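What follows is a short report on a single structure.
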Amino acid sequence: MVEPAWREIADADWRDSYKAHFHAWRFGSLHWVPVWEREKYRLPPGEAVLWLDPGLAFGTGNHETTRLCVERLVKLAETRGTSGRVVDAGCGSGILALSAALLGFRSVAGFDNDPEAIRVSEENAILNRLAGRVQFMIGDLVAGLSGLQADVLLANIQADVLLRFAGKLVGAVAPGGTLVLSGILAEERMKVWAGFEMAAPGWKFDSRVMGEWSDVQLVRGNEYGP
């Protein structure tokens with residue numbers, strides 16, 4: 001058995017290690033770019049950019065789970081407009097909530113049970129001149145979803161947590177609204193689908209796979225009319 005080798009890593013090394021794995025990317029006319037590339041990044045005319053420094057919070061957009069959510073969000077803005085209320089449950093770096101604001105959604109909120117995530121989200125809002133456009137708060141799924149009715153509810157968490165709080169997530173979607181679930185391994189997709197079918201009978205379901213990950217999208221019927 002080989003003895004492990006140990007070495008001390010300077011604070012700056014591990015704190016900045018995430019930068020090596022965060023690269024600029026785009027979907028449609030929206031770009032997500034590390035803020036340290038701001039001086040050299042060339043944005044095509046007429047397109048929009050979200051500058052990000054995720055720090056230790058989850059959410060650069062390079063992970064499939066985040067991309068699945070972002071792509072759903074962009075498509076919803078294109079097909080259904082941006083007048084509805086968007087809520088990001090477990091906002092991490094704030095990437096989804098801030099993307100919603102950049103897309104033009106009028107009412108956007110995000111919450112996370114990690115105070116560091118909220119600090120990073122608010123800093124990213126300032127970086128993008130979106131301070132005050134998104135309401136960020138510390139809270140878990142119980143507190144964050146309490147009394148909520150969202151037109152678009154995004155929950156990029158993980159399958160077991162999504163299933164445990166299926167009733168609360170479904171209950172927080174307004175009539176005619178959309179619930180986007182991510183953080184789901186492709187092999188767990190049908191388990192999550194089945195669990196939410198029980199919690200939301202009659203809703204329309206859709207799912208996509210990207211690499212080893214998947215999402216599940218639910219659309220609630222409009223009880224107030226067609």
Side-chain angles (χ1 to χ4, degrees), residues 11-25 27 30-38 49-74 85-103 105 107-148 150 152-165 168-169 172 179-185 213 215:
D11 283 350
D13 291 343
W14 68 263
R15 285 177 182 167
D16 292 340
S17 62
Y18 67 92
K19 293 182 178 180
H21 307 286
F22 180 19
H23 307 288
W25 66 287
F27 181 73
L30 193 53
H31 299 240
W32 294 266
V33 184
V35 70
W36 50 91
E37 295 184 10
R38 195 168 199 163
V49 61
L50 186 69
W51 308 105
L52 285 169
D53 186 346
L56 301 181
F58 180 80
T60 63
N62 289 148
H63 198 279
E64 293 90 341
T65 58
T66 309
R67 289 195 180 211
L68 286 162
C69 284
V70 164
E71 292 183 8
R72 293 283 192 187
L73 185 61
V74 171
R85 185 182 189 194
V86 177
V87 176
D88 181 10
C91 60
S93 68
I95 181 172
L96 298 179
L98 294 171
S99 295
L102 201 58
L103 286 166
F105 282 94
S107 176
V108 185
F111 65 87
D112 201 293
N113 61 4
D114 181 1
E116 175 67 10
I118 299 304
R119 184 190 68 78
V120 170
S121 294
E122 290 175 341
E123 286 185 352
N124 282 322
I126 293 169
L127 275 177
N128 290 277
R129 298 181 179 178
L130 293 172
R133 288 278 307 279
V134 179
Q135 179 186 358
F136 288 111
M137 61 170 279
I138 299 171
D140 58 16
L141 286 173
V142 175
L145 296 174
S146 179
L148 186 67
V152 180
L153 177 55
L154 305 160
N156 180 14
I157 308 177
Q158 61 188 53
D160 61 323
V161 176
L162 294 173
L163 286 168
R164 193 182 320 146
F165 291 94
K168 291 193 176 296
L169 287 161
L179 172 60
V180 179
L181 309 171
S182 191
I184 306 164
L185 286 166
W213 299 90
D215 68 3

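The analysis underlying the following values was restricted to heavy atoms, covering all of them including side chains, and did not include hydrogens, waters or symmetry mates. Remember, it's a predicted structure, so these values are computed and weren't measured experimentally. Numbering of residues begins at 1 and proceeds along the displayed sequence.
What you find for A143 and D140 is that their closest heavy atoms are N-OD1, 2.8 Å. Residues L169 and L153 share a closest heavy-atom pair of O-CD2, 3.5 Å. Shortest non-hydrogen contact noted between A24 and E37 is CB-OE1, 4.0 Å. Listed here is the closest heavy atom pair of F136 and C91: CD2-SG, 4.0 Å. Closest approach of A97 and A109 over heavy atoms only: CB-O, 4.3 Å. Closest of all the heavy-atom pairs between A131 and I126 is CB-CG1, 4.1 Å.
Here CG of L141 is found 8.0 Å from CG of N113. Values are rounded to the nearest 0.5 Å. If you take CG on L73 and CG on L103, they are separated by 5.5 Å, rounding to the nearest 0.5 Å. The CD atom of E71 sits 11.0 Å away from atom CG of L30, with the distance rounded to the nearest 0.5 Å. Taken from CG in N156 to CD1 in I184, the straight-line distance is 9.0 Å, to the nearest 0.5 Å. Here the CZ atom belonging to F165 is positioned 9.0 Å from the CG atom belonging to L145, to the nearest 0.5 angstrom. Atom CZ in R85 sits 5.0 Å away from atom CG in L148 (nearest 0.5 Å).
Side-chain contact check for L96 versus V86: every heavy-atom pair is 4.5 Å or farther apart. Between N124 and W51 the shortest side-chain heavy-atom distance does not fall below 4.5 Å.
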**OP:** Under the side-chain contact (heavy atoms from CB on, under 4.5 Å) rule, what do L127 and R38 come out as? Steps first, then yes or no, please.
**Re:** CA-CA 11 Å; L127 275 177; R38 195 168 199 163; 4.2 Å; yes
**OP:** Evaluate side-chain contact (heavy atoms from CB on, under 4.5 Å) for N128 paired with L102, printing each intermediate quantity in order.
**Re:** CA-CA 9 Å; N128 290 277; L102 201 58; 5.7 Å; no
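Between E123 and R119, at least one side-chain N (NZ, or NE/NH1/NH2) sits under 4.0 Å from a carboxylate O, which counts as a salt bridge.
One N or O on the side chain of S182 and one on the backbone of T65 form a donor-acceptor pair closer than 3.5 Å. For the pair S146 (side chain) and V142 (backbone), a donor-acceptor distance under 3.5 Å is absent.
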